[in-house]
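These notes concern the structure reproduced below.
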Amino acid sequence: MVIFASPIAKHGVMSKAYPEYKELNLAERQVEIQQDWKEKKTFVQSIRKGDSPSFTFFEGPPSANGMPGIHHVLSRAIKDSICRYKSLQGFRVERKAGWDTHGLPVELQVEKELGITKEDIGKSISIEAYNAACRKSVMKFTGSWQELTELMGYWVDMDDPYVTYQTKYMETVWWILKQFYDQGLIYKGYTIQPFSPAAGTGLSSHELNQPGTYKMVSDTTLVAQFLLEPGQSVAGESLPERTFGLAWTTTPWTLPSNTALGVGPNIDYVLVKTLNPYTREAQYVILAEARLQAYFDAEWNKAWEKAEDKSRKVPWEVLRSFKGIELQGLRYQQLMPYAQPEEGKAFQVISGDFVTTEDGTGMVHLAPSFGADDFKTAKEHGIGALTLVDRRGRFTQEVSDFAGEYVKEAYLNVEEKPEGYESVDVRIAVKLKQEGKAFKIEKYEHTYPHCWRTDKPVLYYPLDSWFVRTTAMKERLLELNKEINWRPPSTGTGRFGQWLENLQDWNLSRSRYWGIPLPIWRSKDGKEERCIGSVSELLEAIEASVGAGIMHKNPYGDIKDSQDYASIDLHRPFVDEVVLVSPSGQAMYREPDLIDVWFDSGSMPFAQWHYPFENKEKIEQGAAFPADFIAEGVDQTRGWFFTLHVIAAGIMDSVAYKSVISNGLVLDKHGQKMSKRLGNAVDPFRTMQKFGADATRWYMLTNAAPWDNLKFDEQGIEEVRRRFFGTLYNTYAFFALYANVDGWCKSSPELPKEPAQLDVWILSRLEGLKQEVTQAYEAFDLTAAGRLIQDFVTESLSNWYVRLSRKRFWVGSMTGDKEAAFSTLHWCLDTVARLMAPLAPFYADRLYRDLRQGSTSVHLSHWPQTGLAKRDESLEDAMDLAQRATSLVLSLRKKQRIRVRQPLRKVLVPVMDSRQKELLEKVIPLFLNEVNVRQLEFLTDIGELLVLKAKPDFKKLGPRFGADMKLVNQRVQSLSQSQIQELRTKGALNIELDEGRMESISLEEVEVVSEDVPGWQVAVDGDLTVALDIALDEELKAEGLARDFVNRVQNLRKDLGLEVGQRICINVQATQQVQDALRLNKAYICAEVLAADLHDYASENPSSKVYTLELENELKANVQIEPLL
RNA sequence: AGUCCCGUAGCUCAGGUGGUUAGAGCGCUACACUGAUAAUGUAGAGGUCCGCAGUUCAAGUCUGCGCGGGACUACCA
């Protein structure tokens, strides 16, 4: 491994103070730095000790059973950069890594590896062996994660991470749960969950979102007629006898469990006089007005004469209409009276916002046991539920006609189906039709979720679950959310805020195996209950139980010491074997569910420190809680961001984090989501090995704001490498080259003692940069910080400062000016290295150390102080003007095809205001030098030399003239030269808007610019105009020629391999014209090419080679070059 | 379906509190430079600022309604 590319021999044996490299190789430089960090434990050293204020950071635990992707690099680059910045600022920033180790993905992975399904657990494989396999599997990719962490330069403490399956971690989770429990925020309740009767298990939404679970099916649907109780009235007017509510369902099997009808409060409903299409009996129905045309033919409106018609069409007539809300509370007769709900009201019309008129009748049949919306709405209205289907998907005994039958045809095997089998949906439809309670029966195709394992349809089914009563905390959660600094803010107020507004209780239950068991024990009758909050509490309870004879022995054996964490496993199946004793002496069994893994990760602020069993003061005195900053992908909004928030609010009545960045996705370069399936996933390892972590990080952070989606394109990284790192490297290489040649050497940067104007300028710009970059970091805006640094380096430092200062670095002796140039450049590079260190930790460190000759790491340094150099904004403005003027002159030269080496006589700048002139005067030499023009003349006496143009200042005139502004604009634009002159001399001018309408315009309200200088080459940029004299006389031509000559000799010197400082003597043979030109400029030429003399005669030395130099305009010169000793 | 983000040059992105010439880099074309050189610079071409309507003297910018892309959450009676 090359540590330093061998220094290029330039100056014999002189030692190189500043390392030089053959080329910029970020990946190689990174390896050296990496190695050094490792050896010197730089990360550990960088964590400040003692009295340093702490900046608390939480690492969101990645799941270690999957490979890291490029998107992890983005969120980790954000985290790392902020933490490094704060560290440089003097904060103590601890970063404890963590692993999320529980949950379904791990289980699935293990099942795949072992070739088993959930049904095998407890049969062909014990829970113990299964969980052991999970424990082993989950850390499968930790090696890759460590590698990625190192490779990308993410500083996080992986030696002492928190791991969610460790006993100490689990103990804190139990403790937290108990805190909620003691506050009365944990309860057991019913909820409607996706359930697979075929597999006998509840499904998570995660499982339901597997590909291919939603399939097209054809179901028998029907519009049922619900007979309203007679004698009721709506809006004070009574309803007729035999009035029915119409409700559509795609699941007729839920009709026996119907307990309510839903209407939309703001939907318009109508009372329709009509017939039953099957029985032809006269009746009244209620449905949404918007759905009329779906059930009634316009041609049959009031067609009572066709009442006896045999067709299914029916005459109809709208009698009256009302809002849904007016229907609320109407009672109806139970449609299929097999059973009555045990508690709550039933058979009423209630209103709910979820009701639409997109399909159906605008009136919804509600079976609270079989639909989440139904359940929620029913609960809000105190409506009871009927669950007339068992867990295997069969009707219960109460449903006499269909008792024991599967509600979905798909649950029957082929051999179970009798000949001519009709599904219960069909038979229910027929039954209702015969009873005159069906309005329309038809087949309907729609998508329906299926169990991903059995391929059978899923039911929504009420299941027992344990909940956190987050709804009770809602107000406080909303209040606390206002304290959080969200980046971007819209995620906090929008996605997160609205999520909180619509908060549901948090369902903690998971019927699985690999996770933290719910620490709640209950007696068989459910009347006695105990929540365990620590290992010692558990051991005591076990002892009591053994003492009471409930258990024969302690399943954990002889362990008495609650500190013996290595021997105690709180996972299943061990805790399942624990049976406790209740105060009344009953046996209590553990509730079999596991805790949602989101609760694990949300507990990490406390569990990572084993609070409150250890580190009590650390948490309570604010050194480790709440976090000052966290960052994760926006997909964590309702995940980790939420669970942290709830748990912190519940435990500490505090926010969990003060600032949070939620970053967007990393898409492929076409904007497609990356996936292994499409093969467009970017390999972070390969990418960073190729381009280095710095360029990759820089690209990801500066290309788009972190919360925008990033279209990841390798070409973008390459561009960053070339454009930013390449330029920065070149700038350093330039500095190092000349500093080494000159033996200029300072181990720490110093401000120049005799700064030239250019030095003052760049130092002023640097001062501004420091302020702006610091502000950006403080606002967690890494994108702005990076872009600011990049612009400074490429534009101000390299393209202007270095380019214009080059000559200063290669003048012969060490003058005060040269000294200043070195100091300034050294100073700037050093500051840049520190400013960029958080974002590009490797190269910044390389640069910093190279500048300071073996100094310690930049990450152990301190943030650049502001105020060290003076800010000179008028000089910055002047330079800006010089750059614009330069651009204009170059543009003119281009048009006239006059090369820059050809000197020109004069440039005119008409100045309309004195400030512009003052500014430009500061930078005249620099400007003239840059454009190779001899003289600058200001045109202040406008006279007849200039064509002027007046433009209105809209900001000033707009408010004054309002609607007349257009007219004013026209008038001002078309002012004559003399009018403009009058305006300039008198300071005001009367203009005529319309006939007779005169208005006075003052000079401050318009902008006067020179548009043209007749007879000159003119270019204009806003308020700046330059006019160029392109006439060439003999003297100018001669100088142009001399410059060509210098240029060619310089090339020759280089071709001949002469040392930069080698002095020479030149013999020239050329035409008279050339000879004259050279003689005229002899001093200049000699100085430029380090020639002692220039012999214009062919005093040829036969031994010396003759070179022919091609000058402009086909002129030539033959020269001999003699090195001098 | 709800919520949020995004839509500006061929590509990737900038464009405080509305103000009349809409910018940068890459790419493209031409040129220059050749002692920063497997670099660099300059100039040029390139835009219905997604659409429509509104507010305003004035809209890329503010409001509303759409369209397109993306994400999250929920659901489909």
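Reminder, nothing fancy here: chain letters follow the sequence lines and each chain counts from 1.
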P atoms of B:G16 and B:G23, separation to the nearest Å: 14 Å

Please give the nucleotide sitting opposite B:A1 as a Watson-Crick or G-U wobble pair, both distances under 3.5 Å, or none. B:U73

Partner of B:U55 under the Watson-Crick or G-U wobble criteria, both distances under 3.5 Å, comes out as none

Contact class for A:V802 vs. all strands (heavy atom < 4.0 Å): base, sugar-phosphate, or nothing? base

Could you tell me whether the side chain of A:S798 has a donor or acceptor atom within less than 3.5 Å of a complementary atom in the base of B:A36? yes

If we check ring pair (Phe, Tyr, Trp, His ring centres under 6.0 Å) with A:F735, which of these qualifies: A:Y801, A:Y18, A:Y729? A:Y18

Report yes if at least one side-chain N or O of A:R901 is closer than 4.0 Å to OP1 or OP2 of B:U34; otherwise report no. yes

Side-chain N or O of A:T250 less than 4.0 angstrom from OP1 or OP2 on B:A77? yes

Counting heavy atoms from C-beta on, name the nucleotide in [options] closest to the side chain of [X].
X: A:K894; options: B:G19, B:U42, B:A77; answer: B:U42
X: A:S891; options: B:G44, B:C5, B:G19; answer: B:G44
X: A:R722; options: B:C26, B:U42, B:A77; answer: B:C26
X: A:E719; options: B:A36, B:C26, B:C13; answer: B:C26
X: A:N709; options: B:G70, B:G41, B:A77; answer: B:G70
X: A:N1047; options: B:C33, B:A71, B:G25; answer: B:C33

Do the ring centers of A:F725 and A:W698 come within less than 6.0 Å of each other? yes

Validation row, ring centre A:F809 to ring centre A:F734 under 6.0 Å: yes

Could you tell me whether A:Q896 atom CD has more than 12 heavy atoms of other residues or ligands within 6.0 Å of it? yes

For RNA chain B, whose closest nucleotide is more 5', that of A:K711 or that of A:D374? A:K711

